[in-house]
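As structure tokens, the structure follows; a few thoughts come after it.
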Amino acid sequence: MSPVWDPQQYLRFDDERSRPFFDLTGRVQASAPRLVADLGCGPGQLTAALARRWPDADVQGIDSSAEMISAASQHAAEGPGRLSFTCADVRDWKPDRPADVIVSNALLQWVPGHRDLLPEWAAALAPGGWLAFQVPGNSDQPSHVIMRELAASPRWRAALDGVELNRQALDPAEYVDLLGRAGCAVDAWETTYLHILPGEDPVLEWYKGTGLRPVLTALDPDQAAEFLAEYGPRIRAAYPRQPYGTVLPFRRVFVVARRA
């Protein structure tokens with residue numbers, strides 16, 4: 001079952017979630033692109049930022065979540081330039097002409113076999129076009145270890161059998177090799193952000209908007225509340241609140257590739 005997304009929950013930490021997007025797209029040096037695609041655009045506020053940066057481009061946001069596209073539609077109505085949003089699976093996306101910029105921000109961890117998709121995206125670029133994406137790399141962190149342990153426990157094993165949790169990033173060197181072989185000049189790096197989150201249970205609230213979505217979608221409301229009641233105390237112990245907030249280390253892998 002695909003996760004049902006909640007744009008409002010996702011945007012609770014909009015500043016922290018947006019920062020990697022701007023760190024990524026800041027390395028894209030396209031001067032006057034004609035077609036810009038944001039694959040996995042979510043609620044659309046960052047796609048609108050691309051439209052403000054390149055107001056003469058056709059900027060297209062693609063996402064498989066009807067909830068996210070519904071939220072994004074307000075940016076199409078109010079936004080600058082030629083901005084549009086479409087509900088579709090990015091695995092089926094084909095541009096109607098070569099793209100000058102393809103951006104994908106924190107999407108590919110949800111796509112099975114995403115390494116097979118990247119050469120297709122590179123081939124969809126115009127000569128000199130740019131492909132830029134970032135993927136979380138936190139599978140070894142308590143947030144994910146605890147989630148997997150609970151999902152595999154006797155209490156939850158049957159209810160969550162077959163539920164696909166996100167898959168995380170490859171090693172940066174693997175992306176360099178993959179896209180280098182596809183004819184691109186590649187810049188890859190990784191960063192671990194130390195997000196200092198305010199409020200009560202902020203790490204729990206963070207993952208309710210992302211990594212926990214497949215679990216919460218698969219359970220009925222009472223079961224979901226019970227799962228969170230087990231997950232929450234363990235997360236609070238793993239990420240203790242400090243006088244200045246709760247520190248969430250978050251590793252991300254970044255790749256910017258330019259087609260020859």
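Everything numeric here is computed off the predicted structure, so don't read it as measured data. Throughout, numbering of the chain's residues begins at 1 and tracks the sequence. Both backbone and side-chain heavy atoms feed into the values below; hydrogens, waters and symmetry mates do not.
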### Task
List for me each residue that meets ring-ring contact (aromatic ring centres under 6.0 Å, His included) alongside Tyr207, sequence neighbours excluded, and say none if there are none.
His144
### Test side chain to side chain donor-acceptor pair (under 3.5 Å) applied to Glu67 and Ser65, step by step
CA-CA 5 Å; Glu67 296 84 5; Ser65 166; 3.0 Å; yes
### Close side-chain approach of Val186 and Asp177, heavy atoms under 4.5 Å
no
### Message
Using the rule that Ile, Leu, Val, Met, Phe, Trp and Tyr join whenever any side-chain heavy atoms are under 4.5 Å apart, tell me whether Trp189 and Leu131 fall into a single cluster.
### Response
no
### Message
So, taking the atom named CG in Leu160 and the one named CG in Leu219, what distance separates them when rounded to the nearest 0.5 Å?
### Response
5.0 Å
### Task
Report the residues that fulfil side chain to side chain contact (heavy atoms under 4.5 Å, CB included) with Arg251, sequence neighbours left out, ordered by chain and then residue number.
Asn138, Pro172, Glu190, Thr192, Val253
### Message
So Arg258 and Cys184, do their side chains get closer than 4.5 Å, heavy atoms only?
### Response
no
### Message
What's the separation between atom CD1 in Ile102 and atom CG in Leu125, rounded to the nearest 0.5 Å?
### Response
4.5 Å
### side-chain hydrogen bond (donor to acceptor under 3.5 Å, both in side chains) partners of Glu149, counting only residues at least two apart
Arg234
### Minimum side-chain heavy-atom gap Gln60-Thr86 below 4.5 Å
no
### Message
Per the ring-ring contact (aromatic ring centres under 6.0 Å, His included) rule, what does the pair list look like for residues 232-252, sequence neighbours excluded?
### Response
Trp206-Phe250
### Query
Gln134: what forms a side chain to side chain contact (heavy atoms under 4.5 Å, CB included) with it, not counting sequence neighbours?
Pro20, Leu24, Asn105, Ala106, Pro136, Arg252, Phe254
### Task
Not counting sequence neighbours, list each pair that qualifies as a side chain to side chain donor-acceptor pair (under 3.5 Å) and has a residue in residues 29-42.
Asp38-Thr47
### Residue pairs involving residues 14-38 (criterion ring-ring contact (aromatic ring centres under 6.0 Å, His included); sequence neighbours excluded)
none
### Query
Distance-only, no hydrogens or angles: does the Arg259 side chain make a donor-acceptor pair with backbone N or O of Ala123 under 3.5 Å?
yes
### Task
Check whether any side-chain heavy atom of Pro202 lies under 4.5 Å from a side-chain heavy atom of His195, and answer yes or no.
no
#### Entry: pair Arg17-Thr210: side-chain heavy atoms closer than 4.5 Å
yes
### Task
Nearest 0.5 Å please: distance from the OG atom of Ser64 over to the CG atom of Asp89.
6.0 Å
### Task
Keeping the roles fixed (side chain from Trp54, backbone from Ala30), state whether a donor-acceptor pair exists under 3.5 Å.
yes
### Query
Looking only at heavy atoms, what is the nearest atom pair of Lys94 and Glu120, with distance?
NZ-OE1, 3.7 Å
#### Entry: Point-to-point distance, once rounded to the nearest 0.5 Å, from CD of Glu230 to CD1 of Ile146
11.5 Å
### Task
Tell me, with the steps shown, if Ser104 and Val135 meet side chain to side chain contact (heavy atoms under 4.5 Å, CB included).
CA-CA 9 Å; Ser104 180; Val135 188; over 6 Å; no
#### Entry: Within residues 147-176 or reaching into it, pairs that qualify as ring-ring contact (aromatic ring centres under 6.0 Å, His included) - sequence neighbours excluded
His114-Tyr175, Phe133-Tyr175, Trp156-Phe227
### Query
Less than 4.5 Å apart, any side-chain heavy atom of Arg27 and any of Trp130?
no
### Message
Holding to side chain to side chain contact (heavy atoms under 4.5 Å, CB included), I want the full list of residues that pass it with Pro112, two or more places apart in sequence or in another chain.
### Response
Arg91, Arg167
### Message
Would the distance check show the side chain of Ser73 and the main-chain N or O of Ser70 forming a donor-acceptor pair, the cut-off being under 3.5 Å?
### Response
yes
### Query
Within the distance-only criterion (no hydrogens, no angle test), does the side chain of Asp58 pair as donor or acceptor with the backbone N or O of Leu35 below 3.5 angstrom?
no
### Query
Do other residues, nucleotides or ligands put more than 12 heavy atoms under 6.0 Å from Arg155 CZ?
yes
### Message
Going by side-chain hydrogen bond (donor to acceptor under 3.5 Å, both in side chains), name the residues that satisfy it together with Arg148, two or more places apart in sequence or in a different chain.
### Response
none
#### Entry: For Asp201, all residues meeting salt bridge (charged side-chain N to carboxylate O under 4.0 Å, His left out), sequence neighbours excluded
Arg236
### Task
Show the numbers, then the answer: is there a side chain to side chain contact (heavy atoms under 4.5 Å, CB included) between Leu228 and Leu216?
CA-CA 9 Å; Leu228 293 175; Leu216 300 180; 4.1 Å; yes
### Task
Go through the structure and list residues passing side chain to side chain contact (heavy atoms under 4.5 Å, CB included) with Asp171, not counting sequence neighbours.
Ala173, Glu174
### Task
Give a yes or no on whether the backbone of Val203 and the side-chain of Glu205 come within a donor-acceptor separation of less than 3.5 Å.
no
### Query
Any side-chain heavy atom of Leu50 within less than 4.5 Å of one from Thr25?
yes
### Query
Same hydrophobic cluster for Trp121 and Leu178, using side-chain heavy-atom links shorter than 4.5 Å among ILVMFWY?
yes
### Message
For a 4.5 angstrom cut-off between non-hydrogen side-chain atoms, does Val103 reach Leu46?
### Response
no
